[in-house]
Amino acid sequence: MSAVSEAVTSSGARTREAIVRRFALTDTIFRTATRLSAILVLVLLGGVAISLITGSWQALSKFGFSFLTTESWNPVTENFGALAPIYGTIVTSAIAILIAVPIGIGIAVFLTELCPRPLRRPIGIAVELLAGIPSIIYGIWGLFVFAPFLQTTVQPFVIWLFHGIPGLNGLFAGPPYGIGMLTSSLILAIMVLPFITSITKDVFDTVPSVLKESAYGIGCTTWEVTRRVVIPYTRVGIMGGVMLGLGRALGETMAVTFVIGNAHRISASLFAPGTTISATIANEFTEADGELYTSSLVALGLILFIITFIILAIARYMLLRIDSKAGA
Amino acid sequence: MSTAMSLHQRRKRKNGVMMALCVIAAGIGLAWLALILGALVYKGLSGLSLAVFTEMTPPPGEAGGLLNAIYGSIVMTIIGIVVGTPIGVLAGTYMAEYGRFSKLTTVVRFINDILLSAPSIIVGLFVYELMVRPMGHFSAIAGAVALSILVIPVVVRTTEDMLNLVPNALREAGTAIGAPRWVVIRSVAYRAALSGIVTGILLAIARISGETAPLLFTALNNQFWSSNLNAPMASLPVTIFQFALSPYEEWQQLAWTGALIITLTVLGLSIFARSLTGRREDR
């Protein structure tokens, strides 16, 4: 009797031990798999950096630092410089941000302060849907609908308006092509608008009601509360959202490729066609013959990667600060 | 007294002007959406017919459809999701469950957020250097890998966020009845966060099904039907890009129709994804 029960418990202990060991093993496997996946995210970014550097090595070692300061881009003589694309990228993105920031903040104010409550969610979603539309759609719309509209109505008017004013007449000069730097900037502004709006709205929501109510309590108008309380309180977060939008605008490819005109030159007029880093790569990469040509295009990619990495890192750092503030 | 009144009125007037500007800003935002959708429907709908879904992309100047492009897009999107989702979910699980307070998680979260908004054309260049150059030719599988790299950050982000929302009391209850950690994660945490994780995957599908830039020099394009993953494959976005910039009217019409199909798919997916989590927010 006792021998039997002893046998049963000992075999039970053995199976229990085996089960516990199997559990521990599976847990270790699962934990390792999750950890490796997390590390893979880091490896991906490292891999992107390394592959861009090795791919662009030939061009960078041939042209050196002058790659950044040369305007000429000549596949025939194999002389490449990145100045025109860098200029185009920075100018179009900067104008886009200048247009999108006031509108984005305006929409955020509308959504948090003015909009009737039942409409908030639908309008918020509608603006965010703008972010979901693929960039090629903006491109085809910009090329066939928006650019002809600008060419026939807006641009001739603006050229006529500024033709006598020194300085501005250079900025808005030349034949109205429709496509060009300014058209790209406008399309980019529409594309980054939802990013800026949704982040601004989120950080506006972190403002403690007590702060706003005390301002209203001493008789401030909605605008004064926004200007003197909400915006100062959320400044860092708004800047983070703007930087995030800027990062998007700098790297945006397809929409710009359609409407910028792909001309490797720097002209003072915003109506003139130009090019950006991403548009150059998208247009020329598959047709690039010759190692040096391809390598120069990869070098452009490396420059874009470095610029956006810095901008996005700053953006995330700023948003991290507002997150910890909201959490505390 | 009169100056005080005028100050009050001035402030009220300024408030009225600024608030009107905010309403106008919101109007501009909504108007753009309406304008773009309106143009898409107007130009795209006239070309929408059964032939679009049953015929191959035509040579210049002839009528045809988009069947091979639609097929290619679906195949590469599915492979991209199948490859990217498990990695993303596992990485998000590590960040929210095993390593919630570890240094690695902070670093991965920062890098992941940067990958999330990194230019997709850079990913295309990366996969070109990684796969296309060593293999010596463009291929559908390279395109799918490029898409999966875009999927990972989206899924990592939503998985981590959703798992962080699961109350710790649920995990503790699981652990208290003796379940090992991975069983708790699988049967308690995943189950509680399921709708959120699915939303993340749907948003990832919505994102990659419209992506053009990473496919341009990985999967390239293909005028013909091809189900060979080791060969160039057509995709809807790249076909739209090629057709829209062509001088042929038939091609441009197909580009508009393709654009309408992509937009409806993407918007449908993101509205559906939002409706999955939206209900919970309202509660």
Side-chain angles (χ1 to χ4, degrees), chain A residues 23 26-27 30-31 33-35 37-38 40-42 44-45 47-48 51-52 54-55 103 106-107 109-110 114 123 125-127 129-130 132-137 140-141 143 145 190 193 197 221-224 244 247-248 251 253-254 278 281-282 285-286 298 301 304-305 308-309 312-313 316, chain B residues 11-12 14-15 18-19 21-23 25-26 28-30 32-33 36 39-40 87 90-91 93-95 98 104 107-108 110-115 117-122 125-126 129-130 149 152 156 180-182 206 210 212-213 216-217 220 237 240-241 244 255 259 262-263 266-267 270 274:
Chain A
F23 274 171
T26 333
D27 201 42
F30 189 64
R31 175 204 289 264
T34 59
R35 203 184 153 84
S37 304
L40 185 70
V41 174
L42 302 183
L44 273 182
L45 194 82
V48 170
S51 74
L52 289 180
T54 54
I103 300 181
I107 299 179
V109 172
F110 174 77
L114 300 173
I123 294 181
I125 288 180
V127 172
L129 285 184
L130 272 174
I133 296 177
S135 79
I136 190 157
I137 308 298
I140 191 172
W141 181 79
L143 180 65
V145 180
I190 305 166
L193 184 61
T197 304
T221 60
T222 312
W223 166 245
E224 284 161 353
L244 199 64
R248 287 275 175 175
T253 308
M254 299 317 294
S278 48
I281 301 173
F285 198 84
T286 46
V298 178
L304 177 66
F305 178 72
T308 49
F309 185 89
L312 291 172
R316 287 301 168 189
Chain B
R11 285 175 55 210
K12 273 191 85 167
K14 190 168 185 193
N15 183 53
M18 295 317 286
M19 290 305 121
L21 285 178
C22 290
V23 174
I28 290 175
L30 293 178
W32 281 125
L33 186 67
I36 292 174
L40 269 178
I87 297 172
L90 285 177
T93 308
Y94 177 80
M95 291 157 73
Y98 287 113
L104 177 66
V107 177
V108 171
F110 194 76
I111 295 297
N112 188 67
D113 280 346
I114 287 178
L115 274 180
S117 1
S120 56
I121 194 155
I122 299 283
L125 282 178
F126 170 54
E129 295 287 340
L130 186 75
I149 293 176
I152 292 173
V156 169
R181 192 77 183 267
W182 73 277
T212 319
L216 279 177
F217 26 85
L220 203 66
I240 294 174
F241 178 54
I262 286 193
T263 310
V266 169
L267 292 188
S270 43
R274 267 164 231 280

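In this text, all values refer to a predicted model and were calculated from it rather than measured experimentally.
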Contact origin within B/Leu30 toward chain A - heavy atom pairs under 4.5 Å: side chain
Heavy-atom closest pair, residues A/Ile136 and B/Pro237: CD1-O, 3.0 Å
Parallel, tilted or perpendicular: rings of B/Trp32 and A/Trp141 (30°, 60°): perpendicular
B/Leu21 versus chain A, the contacting section by heavy-atom distance below 4.5 Å: neither
Structural part of B/Ile262 lying under 4.5 Å from a heavy atom of chain A: side chain
Parallel, tilted or perpendicular: ring planes of A/Phe23 versus B/Trp182, cut at 30 and 60 degrees: perpendicular
Residue part contacting chain A, namely of B/Ser117, when any heavy atom lies under 4.5 Å: both
Contact class of B/Leu130 relative to chain A, heavy atoms under 4.5 angstrom: neither
Under 4.5 Å from any heavy atom of chain A - which part of B/Ala255: both
Residue A/Thr253 versus chain B: region with a heavy atom under 4.5 Å: side chain
Part of B/Val23 lying under 4.5 Å from any heavy atom of chain A: both
Option that, when pairs with chain B are counted at under 4.5 Å, heavy atom only, ranks first among A/Ile125, A/Leu52, A/Leu312: A/Leu312
Heavy-atom closest pair, residues B/Ile111 and A/Val41: CG2-O, 4.2 Å
